[in-house]
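Each chain gets a letter, A, B and so on, in the order its sequence line appears, and its residues count up from 1.
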Amino acid sequence: MSTTIEPTTAPHGPGHGADPDAPKLYALLAGFGTADDLVVATRRAAAAGYTLMDTHTPYPVGDTADALGYPKSEMGAVMFIGGLTGACSGFLMQYWNNAYGYSLNIGGRPYLSWLSFIPITFEMMVLTAGLSGLFGLMALCGLPRLNHPLFNSANFDRATRDRFFLSVEAADPKFDLEATRAFLTTLNPLTVEEVME
Amino acid sequence: MPPEANDAAAPNPPQLWRGLEEYMDSPAFHEAMANEFPEDAAEWTDPVSRRNFLTVMGAGLALAGAAGCTPRPASMRKIVPYTRQPEQMVPGVPLFFASAAPLAGYATGVLVRSHEGRPVKVEGNPDHPSSLGGTSAIDQASVLDLYDPDRSKTPTRSGTPVSLDEAVHAVRAQLFDATGQPKQAVRLRVLSGAVTSPALADRVAAFLTQFPQAKWTQFEPCGQDNVREGTRRAFGRDAAVNYDFKQADVVLSLDADFLGDGPGHVRYSRDFAARRRVRDSIPAGADGEYVKPENMSRLYVAECMPSQTGSAADHRLPILSGQVEAFARAVAAKLGVAGAPAAGTLPDAAQKWIDPLVKDLQRVRGKSIVVAGDSQPPAVHALAHAINNHLGNLGTTVFVTAPVEARPDGKMLALADLVREMAANAVDVLLVLGGTNPAYTAPVDLDCAGAVKNVPFRFHLGSHQDETAGTCEWHINEAHYLETWGDGRGHDGTVAIQQPLIAPLYNGRSAAEVLAAVTLAGDTDGYDIVRAYWRKRFADEKRAGVFEQFWQETVRLGVVANSAAPRVEKPTLAGGWAEGASPAYPTLGADEYEINFRPDPTLFDGRFANNGWLQEVPKPVTRICWDNAAYVSAATAKKLDLDKDFRWTGGERGRTEVSVVTLTYQGRSIKLPVWLLPGHPDGAITVHLGHGRERAGAHVGNNPGQGPNAEGKQVRGSNAFALRTAATPAFGTGAKLAKTTDHYLLACVQANWVMTQVDPLNGTVIDRAPVRRGTNEQYKTNPWFAKITPTAAGETALISQNIPGQAGARNPESGTVRQRGTQYGPDHDHSNGNGNGHEGHGHHDDRLVPLTMYNPNDRLYPDGSRGPGRRWAMAIDLSACTGCSSCMVACQSENNSPVVGKHEVTRGRDMYWIRIDRYYEGTPNEPDATRTYFQPVPCQQCEKAPCEIVCPVAATAHSADGLNDMVYNRCVGTRYCSNNCPYKVRRFNFLSFQDWSTESLKLGRNPDVSVRSRGVMEKCTYCVQRIRYGEIVAEREHRPIRDGEVRTACQTACPSGAIVFGDLGDPASLVGKWKAEPSNYGLLAELNTMPRTTYLASLRNPNQELVDALKR
Amino acid sequence: MPQIFPKAVNPLTRFLVLLLPMGFGATGVGLAAFYRSSYATGKEEVVPQPVAFSHAHHVGQLGIHCLYCHTSVEDSHFANIPPTATCINCHQEMWHGADMLQPVRDSFQKDKPIVWNRVHNVPHYAYFNHSIHVAKGVGCQSCHGNIDNMNLTFQSSTLLMEWCINCHRNPQEQLRPQSEIFSMTWAPGRPVNGKAQVWVREDLPNWGKNPDGTDTAHASMIGQPRPTAQRELGLKLKELYDIRDGVTMTSCSMCHR
Amino acid sequence: MHPLVQNKHDLVSVGDAIGNVVLDGKHPRGWWIGFLAGFAMLQVLAISVAWLFYMGVGIWGINVPTAWGFAIINFVWWIGIGHAGTLISAILLLLHQKWRTSINRFSEAMTIFAVMCAGVFPLIHMGRPWFFYWLYPFPNIAGMYPQFRSPLTWDVFAVTTYFTISLVFWYIGLIPDLAALRDQARNKWQRIGYGLLSLGWRGSAIHWRRYEKVYLLLGGLSTPLVLSVHTVVSFDFAVSIVPLWHATIFPPFFVAGAIYSGFAMVVALAIPIRHWYKLEDLFTDHHMDIMAKVMLATGFLVTYGYFSEIWMAWYGHSLYEWGTTIERVFGPYGWSYWALIFFNCAFPLVALWSRKVRRSEFWLEMVCISVLIGMWFERYVIVITLTRDQVPTEMRELLPKKQGGGGGHSIMENAP
């Protein structure tokens, strides 16, 4: 594996509070060639005490999330609640409409023909669960976020292809541009770059 | 004017018409009306008539309506009040008027319902003996003739419209010289149909007095010539005969279709049915309407073409028409009728009949009837009378009366004389006075149409520009019977007053009016003529009371009291009654057939060829519509290798491709499709007259959209008159049948002909038993036989209780119901503890538990929430149904059902809310073993309706009183309900079937029923408009609805009283009593649909001796 | 890779995502409101007429009874629009020269009906019957509003199906005694002619008479005070007039056939 | 083990191989021919539907006993096909079948288009299609609601849900791919387009974690959903009381049939695509073999269904059931039953037994087409059952009058 560190310069250099309009540093982005390297790097960074970190990979690399300390996903709960709501409202909608909305004698069946209500109840459950999954995912992930500082990185397009990135945000309490850069360099990255906001 | 509301569910159909106010605004109406009220209307306007409504309104034409389509309701519609409202008329409330529907001279008393001056629905007049409340399909459809868009609308000369005055003056100029004196030299002939009308006869008599040289000829192609001549031969005098089938224990019909044809058949159906409606317990106060099984009458029919009567028979002998006489002679000889001619040879089957039949007739001396058919020669009629005389029936079941017709004479012969005169240039003036169309109907060998051309002055009065109008120079448009005053006599001579309900739409005139006008008589208005005649007769007969009172009462009732033809007290046979018997029946050559000409069951002699209802209603027995065919037996069809091909569709319903044959008789031939008819005897061909009219009318009879007939002409069916000669008007031998290579598409709504299906695996017969049938002997031993369901479901006993109104398992002694518990599986009726038989009247819920997953006792009917608790229901007695189709036309008329045309019928899309299923028992190869059953099927109004649960938008749902409501405006047209209806009684508007453009047809629609647009399902509603109207009337008066107060259209029309409708919630209702009968069963009730319409099993009363004899 | 979208896009996209359900909801509510609005239903919309006939004048001021013109309201589904002859009954004497009445005179002389614009347009597939409503204690005012105050007539109710259904389910909210059917001033508990309301014979079904002329059990009510609260009165009348339950009264074929 | 991907592709070359197909917009001539043919047929569909809406459904050969015709047959056929897509994707996801990825995107897309095709038919078969929205519950001025006991209402919910969830499942699955396309975009417009669609996806670890969970759960939901949808579709028949429709076997039988025809459709489409786009390395012979085996299994299930129908009719002793069965097999429409047996059972089940057939592009394609025809006939046979009902007199025939109706769907097949 190559150890070449590509010198990267920010457009205006690290702004030490000189110009308030000047872009602020957002994060340091280290690119790795393999998922394994990334996992190792992430673990070490976490061990080093960095907290505001993230990894960016073309496919899910579960170990990094563990290394970053992310809990099991809460999406299950979101979709369960969504589905339950849908099922209940679906059933009640049918019952209410039949019994109270407009009481009609349909083929001599009782108003509470619960057997007949099951298919729609089920469909409503799946529909709401699915939609709450989609919208829950978007809400929790803060998507859509079309503009993100990381996209300022020239290399970041490879995050969806063949490169595995670790970003350490400047807002991290332990963050120090030089020290962190040095630290990252020790992790065997292909690249380390400064990403401005 | 007022009643809005007419068409449902139409998104935006052309010429949406909600009420007369809008209707009158339409430009088409303006145009139509411009033609309809000619300039000389004033001369004829009847100042006395109380029913000139349309003229009043017709004048009230306002600005063109706002025809836009806006989502906003406001200001969309106009409302047009009267300027002077007629008295006695409440807008929106229909009125009934008594009138008389004429057919071939004879009148049936009718009550006609009028909405704001528009006659809409014809019903029978219970006070008239020819009707007793029932009607025939033709009577029902007569109202459509009034609104026929092809009616002749104006007087014409050589086809060019002229004024009425001009036409009248032209006739006058022929009759009177310049000084106004009658011309005595002019050779004057008057031709009309048969006349029973006393007022018209009086007018004709006056005419003949004024012009002594004139001759009056009556011509009916399908009239009573043979009956009249036979009676004259038997009794030596002009006489008429009528029968009392209520008193007859045994009836022998010699080719007589007394249940389906001829004057009085409506009444006869009713009387006959009274002896066929078998009851276990006869309801109180229903004397003479029902019988115990042992008192059921027995009907023997020997006939050629299977008729309604033959279908109702206990024993039917298929026999050539020409052999009927021999058969009658054999019967007479066996009975020992004095002076009877010698019996000839008979076919084997017929020979077997003689002994058991004669024995049966002798058993019930004085209580039997032998009746000969209209198409049988006079000799057969004379024989029948002689047998009746011999059996002592005269005066008990058979009544000889004074003649009913105004001048009973041989009509076919008289026409032949007239034609001869015309051909010899011996006629100067010919006045054709309506009711007859000789240019089309006259025997072909007379060449009537050619002879007429020799007459210098030819005048025609008729409702249409028909074939005869085409041969005449002058024409005046005839008024419909609902437009003009008149009278007419029923089968027994009772006079009905024909009262108009509407001013003539096209200013037409009746025959009496025209005669009066051309002869410068004092009264020229129909009302004056009829009234004046009856004033005179009132005085002549020295009737008690004041004339005015008599007149008012007579018009109100529609019947002249005590006007039946007087009975001959002690009729005696004339000496030479047996003379003139036909020689022995000629033997048929190998390729020869007997040809039979019969009037069409719905088109009659062709006069209704432009009536869409009558064209489309399937003919009784054959179930073919829109066409005629050569009916032959299965053996004949096989011999000639005739096709009845369903093609790759397998189409057994609506669409059949059949061979076209060339039918040759006496050197003339026609081409027509051929139809294999079970029950038709071998060696004979039957064709129906009345088809193939070339000048019937552009909308129906000659509508090019229906495709050409078998001969390639734009007419409906083939013209059998082209074969009929004066010598053989009913049947003759020597006809030839040749198969052609052509095929023809016939619209037969029911070619599938058996109730059973053969299992190809083991050859067993699967009997679905839609018609439960049995004999009265079976009934005597086990009246519950109809309860046996054809499925193997173990719940049979329970299901039969679940038929609403059913008296369930109340009959422990018969054991039928309970036994099945062990026979087919566990008995489920443990929950039904009550054995009192009134179980069906209560709430049914507790019985459902084993059959439903739901707990039925829930909020649907919380206690006391059902108010008066009406439960509408219907019962149909299959023993009484004769398959006459009157109910189908009545339903169509009442419920604005469209006519879809032959093409759509062949695609299985007829729109009848009630249909008549016809089933055969037996095999087509043995015509004498075939038995026919009819089953009218309206919506069964299932309590657990399969259609309802599958409708996604609740467009069909149950009303609290148990109707299976169909909400047209909610329907989105998924058609799932139709799929799930096991009875297939739902009808879908696949296309825009309603005629939205013909203005005159709109006048005839029932404003209380939505007119359905395309894409909408429709079906029988139990005439919910009548139910709601009856409810409103009763509830306004805070009283319960009386039993029989609400009657459905089919029930009212049924001549044999086979249908009863009412409230099951009323414990005294007749329908409840019918349903409590043991023979009551629900069609497909094993599907647990709990139908509110149920059937009483069809019972026959066969003679066991004859059955045994035939087996030998 | 350069940034594709500017920063400002972020809040915008989120807003758009939120807008989706909000837009659906708002459209639904808007449509619901529109279909019930006066614009769509024609409620309270004055309909122009060929003759400016004023109910306020004839009914409110002159006190002509409803039945004088609408003769068939007790007998037919149709209340009747009076024939021109009815107008002429009075107007041959009064205002016989007024220009305003020229169409009326024309109509009478030429036997040409006056073509009015229909005010209450019930859909043609709904079969409304005036007579049964009047017989069961639904006053004119309940549907037609204070017609005695209307100059040109307008529709005072929406005539929507839900409006019909509402009353068919809860008729007690609208019922009034038979004797007050045509009254425009009646209200439950409001004194009539300064006196508290009491039951009168006219209020009773069939005037409290059996077919044989004897009094029914209801006749004892005559002279008793009427309940003063609409609910109480309505329930009493519902029972008195045999008005059926809501399920029955909202059966489809009650109105559609 | 068979390699999932042949010829030593790595992450980049796989991405490029697929991405190039999308981003280059260059299509082989066959694609254009197919597209234009499909487009032309779509126009025929538009004209047919316009004529249909103008005249009414009477232009078809349906009549009163046989009130449903080709529209419903096509609906069931299409929706059945649609199922395979989601099912393949979801079940294989749940079972961690790695080879799934070769076809999942593709079959999901096929599902969506198939459901769109299917959805057209119930709409146009209505007598008054402009009131279709009455099948949805919403507060309205009439105070009326749909009738929830009707299988057609279930259908509306099921198909709506199915379409929505399939779309969501497909879209969620696509988000990372869209991001990849965004990052490989050739020009600004592609970049903006894919940028919008990918929602700013950046492969973050927590995103991936949530994403995986949602995707897995959706897969878990989709599986019963697929089963439920075809169960509901089968209820259209099974809930009725028409003989031979009223059968409890219908739901599993329909689902098996749906998978059968769905796999057939996927393979039938995949083979030409792999052939033309030279994707043999991604959709390998091994994949074909597996799918063919699934078809073999489901084909036997379906065949068992046919047998069971006849057995139950005979054993059940209901004369309506048995009588209708006789008519079905030996009646005027018996030819369609035997066609069904041949196309669905006889030919495919024998042929698929051979490994050679399973791995031959041509023969497998033939088998798939046979199954598609056979499954169409299955629905035809079911609907045609209406011609034989309980009442003998009301047995009429369906008169198939071919309109352009079924035509215009190859565009949808070609579009992905």
Task: Residue-level interface, residues 131-146 of chain C with chain A, non-hydrogen cut-off under 4.5 Å - done: none

TODO: Using heavy atoms and a sub-4.5 Å threshold, report which of residues 14-37 of chain C line up against chain A, by residue number.
DONE: C:R14, C:V17

TODO: Quick one: pull up OH in A:Y102 and CE in C:M161 and give me the separation to the nearest 0.5 Å.
DONE: 4.0 Å

TODO: Measure the CG-OG1 distance between A:L143 and C:T13 for me, rounded to the nearest 0.5 Å.
DONE: 9.5 Å

- [ ] Count the heavy atoms belonging to other residues, nucleotides or ligands that lie under 6.0 Å from NZ of A:K174, then report whether that count exceeds 12.
- [x] yes

Open item on the list: Within the structure provided, determine whether C:V247 and A:N105 are in side-chain contact (heavy-atom separation under 4.5 Å).
Closed with: no

Task: Exam field: side chain A:N147 to backbone C:V9, donor-acceptor pair closer than 3.5 Å - done: no

Task: Heavy-atom proximity to chain A below 4.5 Å, by part of C:P6 - done: backbone

- [ ] With rounding to the nearest 0.5 Å, note down the distance linking CG in A:L104 to SG in C:C252.
- [x] 5.0 Å

- [ ] Against chain A, label C:I165 side chain, backbone, both or neither, depending on which of its atoms sit under 4.5 Å from a heavy atom there.
- [x] side chain

